[in-house]
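Beneath this line is the structure, given in structure tokens, with notes to follow.
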Amino acid sequence: MPKQTRLGLFVSTTQNNYESTLYRGVVDAARAEGANVTCFTSGALRAYRGFEFQRNVLFDLVDRENIDGLIISGTLAHPIEAEEMQEFFLRYEKIPKVSIALSIPGTPYVIVESKQAIRDIVTHLAKVHGRRRMAFLRGPRGQQEAEERFEAFYETLVGHGLEFDPQLVLEGDYNIRSGEAALRDFLSHSEIRFDAIVSSNDSMALGAMQVLQEHGIRIPEQVALTGFDDVEARFAHVPLTSVRQDIYDQGNIAVRILLDQIAGRPVTLKNISFAPVVLRHSCGCAEFTPPETVETAQASPDWAGNLLTRQTEIIAATRASLSHIPAARVEAWTMAWLQAIRSDLGANTRREFLGALENAQREGFDLRVELAAWNRCLSAFMHQVRGCLPEGRQKAALAQIEDQARTQLGINMEFLENAHQTKIELRTLALRETSESLMTTFDLAGIFDVLSEDLPRLNVHACYICLFEDPQKPADLSRLLYGMRDGQRLKIDPKHAVFPSRQLLTPGLDGALDSCRVIVEALYSKEDRLGFMLLDVAPENAPLTNALRALVSGALQSVLLLEQRRRAEAQLLEYQGQLEALVEKLEFSNQELESFAYSVSHDLRAPLRSIIGFSGILDNEYRPKLPEDARHLLDRITQNARRMGLLIDNLLAFSRVSRQALQVSQVDMNRMVEETVAELNADLGKQQVEWTLGDLPAVPADPGLIRQVWVNLLGNAVKYSAKNPLAKIEVGSEKHASQIVYHVRDNGAGFDMQYADKLFGVFQRLHREEDFPGTGIGLAIVKRIILRHEGRIWVQSAVDQGTTFYFSLPLPARKTGQPWPGHAKLAM
């Protein structure tokens, strides 16, 4: 069996009437030709609403592997200029293409004659309604369709001898909000008079209508208003005159052109679609247009022959009353009505015509034929038929049929609208229930159970959910997670679930793409591209796929984040266990190391005392007898032995800081610093020091250890400022909600901050011994004390510009005298 031709369709979404109608036209035409359609709801290029740009990932999934030809809707190009769209088309240069409402060099396209439609509207406003000062609500600059419509407005205005005022050109963006904003801004800053607004599309016109009503400007009495597209126009508060784009017909035409391209047959580049003006109340036209007078036929018993003779005129009259509907469709309805009316008048019944009218009305409902249009058409038809009848029974019967037909039109329209609304409400209810079920689902299995139960209620015939293996490379590989067809959940073999993304499905299920209608929806969140979903739904249900996509995307994102959190928590617990074991091992090692350091330091004291003692005896008893070199060496031995003793004392002090338990009490920092300063002043000698002592709040801490901190920091400040004529030392603090930060600032030698990381290490010094004596343990002791108090210490300095030491102590909520919570932990 030969492979069926698969056509691709790019639309921004199937949610709006324009694109869902286009999709229906493409699917119906493809089905008639034995071809299949895959619709990619890719969002507009450089989408500007929310995070819709994530939909653009679907552009990466299209190539010759999965489609034979491509139809591209002009809605993708609304935010961008023609040059960018040409670059986009080059991505698919090897694929036969047709564009809709968009002209790209070398690519066949289907387009409404926008310029002629705008000319017709401007001419109608000028000649029929006498409007002279017309404003134009235009689409985005640089966008081809928008530029054409503006050019037509300008040319027609000038052609009728009317003034063109650039200030009456309002900037819009094809959405209702831009129409509101443009007119609201204009009315607030300008007093320029105008009596009509021609809008480039219905959405902007409806936005403008709302602003006009807010300002008390009556439509159409003061300002006439028109739109373009006729998608939402008939539902406006004031029914909107518009241009009826036969979007369904555009889809049909595009399919025929594309199939000709694929088959190698010649095609026409420019293809015009049907686009009549639909006149409604917003321009000043009445709901009913009185029919033209028809010459009454001579009284003759052959009234049926008269109807046959005037058949062409009757069809022309009904076509004129429904000028916005394809002529072939209106002609078919009229022929059915003529046959039915002959039958009813001949047999004196009313069943045949009312039945034929009801059938036409049902078909016309999908074509958006409103009740007023049916009444105009019925008037035109009946007026023509009445002119073919002799006076007497047939005319009386026709009058009764017409009265019943008008009543039946209203009843049928109400029934059709109610049925349509009921269908929408049932679909909305089903979506809401699906949403509620998904909101309470916390795993993938639960999501798929909900979908298996609810998708058939939404008239979804098939659904496949695939996630990207690597969201950064979506076109590479995807994984099929879920499949459902005709209400049956499919079993997914994990071994064959991964497939190249452009295949859209795994090889075992690629037959599912043989459906004549497949919609591809991107699954995404604000931050992430998750994957995509394939849906097989009837074209009339296409608008629900966007809502379904949003629900599934949200549920998947929640579950994936929850699973990611669970994995992170499990990994964190594992790391925590490893960390606790490591801390325990480290504490044991530190205890052993401290015990060893204490033991070694203690054991070194005895031989060191012997060295110092014997050196003293030697110096006292034999110094005069020793030569000069020997006396110098003896002095060196004694000096280094004493230095070694100091190092051992400091090492023991460093070891004791970690070994002894903290004895916490409220420490009066002001008093402690004053006592320390007094002790330092007693040993200053000739050195001049200017002390500045700020207020130092009390804090719970170990008094003995904190005194070591102040002694070391203040002693260092004095020592490293000794070469200044006047040493300036400042002590201060800053209180915060949970801690107090103290500082000691001097104007001493300072140091290069690139070596700051060495400052608090054991035996680490940044100055020479002969310049500033010391052992290099003092700051290591300070850091150990501060860390044991769960505080922090840091420094700022510069060479020859002084140094500032900062340390913080917390203000925990605990009773004074209780051990510090972290006293058993060694903070490194």
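In this chain, residues are counted from 1 in sequence order. Hydrogens, waters and symmetry mates are skipped; everything else that's a heavy atom, side chains included, is used.
The distance between the ring centers of F88 and F59 falls below 6.0 angstrom. Taking the six-membered ring wherever Trp is involved, the centroid distance between the rings of F365 and F415 does not fall below 6.0 Å. Taking the ring centroids of F40 and F532, they lie at or beyond the 6.0 Å cut-off.
Residues E171 and R141 are paired through a salt bridge, judged by an N-O separation under 4.0 Å between the basic side chain and the carboxylate. Taking a cutoff of 4.0 Å between a charged side-chain nitrogen and a carboxylate oxygen, R119 and E113 do not qualify as a salt bridge. Ion pairing of R280 with D230 is present here, as a side-chain N (NZ or NE/NH1/NH2) and a carboxylate O approach within less than 4.0 Å.
For E414, the CD atom counts as loosely surrounded, since its 6.0 Å shell holds 12 or fewer non-hydrogen atoms of other residues, nucleotides or ligands.
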List the steps and the verdict of side-chain contact (heavy atoms from CB on, under 4.5 Å) for L157 and F136.
-> CA-CA 11 Å; L157 208 63; F136 188 72; over 6 Å; no

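E19 and S12 form a side-chain donor-acceptor contact under 3.5 Å, judged by distance and modelled atom types alone. Side chains of T241 and T226: no donor on one and acceptor on the other come within 3.5 Å.
Nearest heavy atom pair, residue P220 against residue S282, reads CB-O, 3.3 Å.
Counting only distance, with no hydrogens or angles, the side chain of D165 and the backbone of Q167 share a donor-acceptor pair below 3.5 Å.
Partners of E163 by side chain to side chain donor-acceptor pair (under 3.5 Å), not counting sequence neighbours, listed by chain and number: R133.
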